[in-house]
2 protein chains.
Amino acid sequence: MATVSIKEVAHRARVSVGTVSNVLNGRATVAAATRRRVLDAIAELGYVRNDSARQLRAGRSRTVAMVALDLANPFFTDVMRGAEIAAEHGGVNVMVFNSGEDPRRERRHLDLLSQQRVLGVLITPVDETHDAHLDGLVERGIPVVLVDRGSSSFHRCSVAVDDVLGGRLAGDHLRGQGHHRIAFAGGPFSLRQVADRHAGLTAALGDGPPPRLVTTSNLSVAAGRNAGREIADLPADARPTAVFCANDLIALGVLQEMTTRGVRVPHDVAIVGYDDIEFAAAAAVPLSSVRQPREQLGRAAAQLLLEEVNEPDTHQHRHVVFRPELVVRRSSSPSTRTTT
Amino acid sequence: MATVSIKEVAHRARVSVGTVSNVLNGRATVAAATRRRVLDAIAELGYVRNDSARQLRAGRSRTVAMVALDLANPFFTDVMRGAEIAAEHGGVNVMVFNSGEDPRRERRHLDLLSQQRVLGVLITPVDETHDAHLDGLVERGIPVVLVDRGSSSFHRCSVAVDDVLGGRLAGDHLRGQGHHRIAFAGGPFSLRQVADRHAGLTAALGDGPPPRLVTTSNLSVAAGRNAGREIADLPADARPTAVFCANDLIALGVLQEMTTRGVRVPHDVAIVGYDDIEFAAAAAVPLSSVRQPREQLGRAAAQLLLEEVNEPDTHQHRHVVFRPELVVRRSSSPSTRTTT
DNA sequence: CGCCCGAAATGAAACGTGTCAACCCACATC
DNA sequence: GATGTGGGTTGACACGTTTCATTTCGGGCG
């Protein structure tokens with residue numbers, strides 16, 4: 001109840017508040033005996049520093065914030081873990097906020113963060129195009145790093161994965177397995193990720209027939225089931241022999257619907273997903289998937305942010321792009337044994 | 001760059017700082033014309049309130065923290081969503097921290113939170129028994145609500161689910177399906193959840209043979225695969241005809257291993273999981289599972305916290321226990337069609 | 001003995017708010 | 001004209017730190 005301040009510590013240790021502060025901040029100018037007295041007093045009183053007062057004085061916090069698009073998607077929790085590791089390494093704390101794809105929630109969080117004068121913000125924004133709020137932060141001296149978004153802006157750093165390449169990897173693989181009728185399942189195409197992955201697939205197919213499009217309204221498992229139903233209902237001779245999904249959640253839905261309807265995977269239809277979340281390898285038919293370096297993504301984002309925080313003057317904004325990697329499992333390769 | 005304070009706003013609007021503060025806090029005593037001038041000045045200068053100063057003055061933050069055990073587990077993100085909804089409703093912000101089952105990380109987060117004088121803490125602690133740090137928070141006037149932990153302590157509220165009942169539901173169901181040789185897969189038993197679920201199953205089996213134990217070292221998919229291998233390798237006449245898993249992740253691992261080894265689910269072996277995470281319904285053989293009211297859990301926790309925050313004097317600590325519910329899908333019932 | 005030096009400790013100022021008693025002033029009342 | 005009245009506004013203080021110029025003090029040196 002009784003909140004104890006530095007003043008009471010000073011009184012109990014029979015020193016001035018300045019000295020207590022010096023002890024707390026590890027300055028050299030305090031004698032060993034005095035330091036001892038102060039530390040004892042702190043322990044006896046159960047004193048805890050008041051962060052608000054520190055921040056007020058310092059003008060800035062020691063914490064960065066991460067605003068995630070959807071923490072229910074395992075992809076983002078992995079990115080988060082990477083960011084936490086890097087931030088921890090740099091001696092700053094991370095607090096996480098979840099926008100849940102709701103622009104108003106995102107807006108509320110950002111307002112709070114600028115009031116808190118956080119050190120910086122990692123964000124996967126809900127709406128990629130309309131980011132006036134982010135510019136507002138930057139104007140107030142709060143660096144922003146975009147995560148999993150190619151940045152159109154030069155006001156900030158960004159980290160992303162080359163999704164066109166990812167689509168191409170999937171396409172090359174499926175062609176190499178002898179597939180010609182290939183479908184793409186995913187949506188909406190307003191998401192850059194979806195459009196890029198589709199473009200990569202199309203490019204890989206070259207002068208062959210373009211992929212059949214099975215559009216979904218979002219990237220959930222339920223949407224994948226709908227897509228799977230649509231595909232399974234096609235007459236066998238028109239049905240694609242392979243499906244590349246914009247996302248592992250979609251792929252899981254497609255897979256489930258195939259199994260339910262007696263379409264064998266990979267014998268009748270091969271499936272390749274995207275993200276390589278943990279549940280991809282754990283599916284009843286282990287899922288081939290284009291792996292994104294999720295933790296590395298988060299780590300790189302946090303490092304860019306720290307760099308900008310520590311050297312605001314010399315800092316040059318950068319846009320880091322990672323290369324994805326195809327992981328082949330049984331869903332697209334009959335001969336493959338389970339490998340995890 | 002130039003951080004603008006309430007003083008400059010006051011100067012520009014030709015009023016005193018007190019008046020600006022009154023406008024900001026919506027007091028009635030300020031004339032319409034004056035309010036207008038102040039608001040204009042705020043807009044022109046791009047003024048943003050300094051939260052540190054407000055907190056310092058108020059002595060307390062307007063934010064609660066949630067410290068999750070493992071955000072990579074979909075269970076916790078669902079709980080989080082529930083808590084966010086309730087907190088939002090009560091007009092407080094939520095920030096999320098992830099301990100990742102690391103006691104040191106948890107400790108660091110809690111230290112930070114007490115320095116920040118947060119309004120309250122929702123936490124699923126790493127170690128249920130050793131919670132001196134939590135008592136420390138409570139002593140400093142920061143209410144703590146335990147999530148998904150039956151509380152042994154009377155110093156705080158808690159919300160949990162009746163896991164013994166959950167185990168019993170699963171056991172009754174499997175017996176009703178005519179199973180007699182039933183196994184329990186999960187561990188470690190030091191987790192109350194695991195022990196309770198096992199106890200419920202055992203109780204449901206009554207005077208029949210007790211469940212065969214397949215112990216795992218943790219609750220991940222990989223651990224489930226090991227358990228599944230162990231079960232599949234048993235001679236068919238000794239093999240259990242049903243497996244109740246401590247967790248959906250375990251269940252997914254068991255399921256995968258069964259399918260790989262040609263053991264048909266549910267024909268040869270029935271499976272029931274626990275939690276009913278989204279991926280349970282999406283498994284290639286949709287998984288029966290004991291559903292916990294995850295969002296409701298989070299909501300209740302946040303409500304208890306708000307109650308304690310708003311009425312510290314009259315507040316009585318409570319321990320809310322929810323009833324789980326069995327969701328039957330194909331993995332334990334051959335006749336069931338997929339229902340989501 | 002006087003002087004100076006450096007190490008150690010001090011105390012006041014400042015950070016940006018919210019609060020609240022005091023004040024101002026126009027107007028109504030007697 | 002003196003006295004209220006009450007809506008609007010003010011200004012000083014307090015919150016808990018950190019910082020830094022200043023003070024104190026013991027002792028070495030000339």
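In what follows, chains are A, B, ... by sequence order, proteins preceding strands, each numbered from 1. Not measured: the values here are computed from a predicted model.
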Once you apply a heavy-atom cut-off of 4.0 Å, does A:Ser52 come out as touching a base, just sugar-phosphate, or nothing? nothing
Residue A:Asn22, side-chain heavy atoms: nucleotide from D:dT19, D:dT9, C:dT19 that is nearest: D:dT19
Whole Å only: how far is the CD atom of A:Gln115 from the P atom of C:dC15? 20 Å
Can you check the B:Arg57 CZ to D:dC13 C1' distance for me, whole Å? 8 Å
Quick one: which of C:dG16, D:dG16, D:dG11 gets closest to the side chain of B:Asn50? C:dG16
Quickly work out the A:Ile42 CD1 to D:dT17 C1' distance and round it to whole Å. 13 Å
Carboxylate-amine/guanidinium contact A:Asp78 A:Arg81, below 4.0 Å: yes
Looking at the side chain of A:Thr19, which of C:dT10, C:dG18, D:dT9 is the nearest nucleotide? C:dT10
Report yes if a side-chain nitrogen or oxygen of A:Arg49 is closer than 4.0 Å to either non-bridging phosphate oxygen (OP1 or OP2) of D:dT18; otherwise report no. yes
From C:dC15, C:dA9, D:dT18, pick the nucleotide closest to the side chain of A:Leu24? D:dT18
What is the distance, rounded to the nearest whole Å, between atom CZ of B:Arg14 and atom C1' of D:dG8? 16 Å
What is the distance, to the nearest angstrom, from the CG atom on A:Leu45 to the C1' atom on D:dG16? 15 Å
Measuring from the side chain of A:Leu56 (C-beta onward, heavy atoms only), which nucleotide among C:dT19, D:dG16, C:dT17 has the closest atom? D:dG16
Ranking C:dT17, D:dT18, D:dT10 by distance to the side chain of A:Ile6, first place goes to D:dT18
Quick one: A:Lys7 NZ to C:dA12 C1', roughly how many Å, whole number? 12 Å
Looking at every strand, decide which applies to A:Val15 at a 4.0 Å heavy-atom threshold: base, sugar-phosphate, or nothing. sugar-phosphate
Quick one: which of D:dG11, C:dG16, D:dT17 gets closest to the side chain of A:Tyr47? D:dT17
Say whether, by atom type as modelled, one donor and one acceptor occur between the side chain of B:Arg117 and the main chain of B:Gly59 under 3.5 angstrom. no
By nearest atom, which of the nucleotides D:dC15, D:dT19, D:dT17 is closest to the A:Ser21 side chain? D:dT19
Using modelled atom types only, decide if a donor and an acceptor are shared between the side chain of B:Arg37 and the backbone of B:Ala13 within a distance under 3.5 Å. yes
Does the side chain of A:Arg27 get closer than 4.0 angstrom to OP1 or OP2 of D:dT19 through an N or O atom? yes
Rounding to an integer number of Å, can you tell me how far B:Glu8 CD sits from C:dC15 P? 10 Å
Output field: ring centroids A:His319/A:His317 closer than 6.0 Å: no
Just checking A:Ser5: base, sugar-phosphate only, or nothing, at a heavy-atom cut-off of under 4.0 Å? sugar-phosphate
With a cut-off of less than 4.0 Å, is there a side-chain N or O of B:Arg54 near OP1 or OP2 of C:dG16? no
What nucleic acid atoms does B:Arg117 come within less than 4.0 Å of, heavy atoms only: base, sugar-phosphate, or nothing? nothing
Earlier contact from the 5' end, DNA chain D, for B:Val17 and B:Thr34: B:Thr34
Among C:dA8, C:dT17, D:dG8, the one nearest B:Ala31 by side-chain distance: D:dG8
Salt bridge A:Asp135-A:Arg156, side-chain N to carboxylate O under 4.0 Å: yes
Rounded to whole Å, CG of A:Asn25 lies from C1' of D:dG16 at a distance of 13 Å
For B:Val126 and B:Asp102, run side-chain contact (heavy atoms from CB on, under 4.5 Å): C-alpha distance rounded to whole Å, both residues' side-chain angles, the deciding distance at 0.1 Å, then the answer. CA-CA 7 Å; B:Val126 174; B:Asp102 177 349; over 6 Å; no
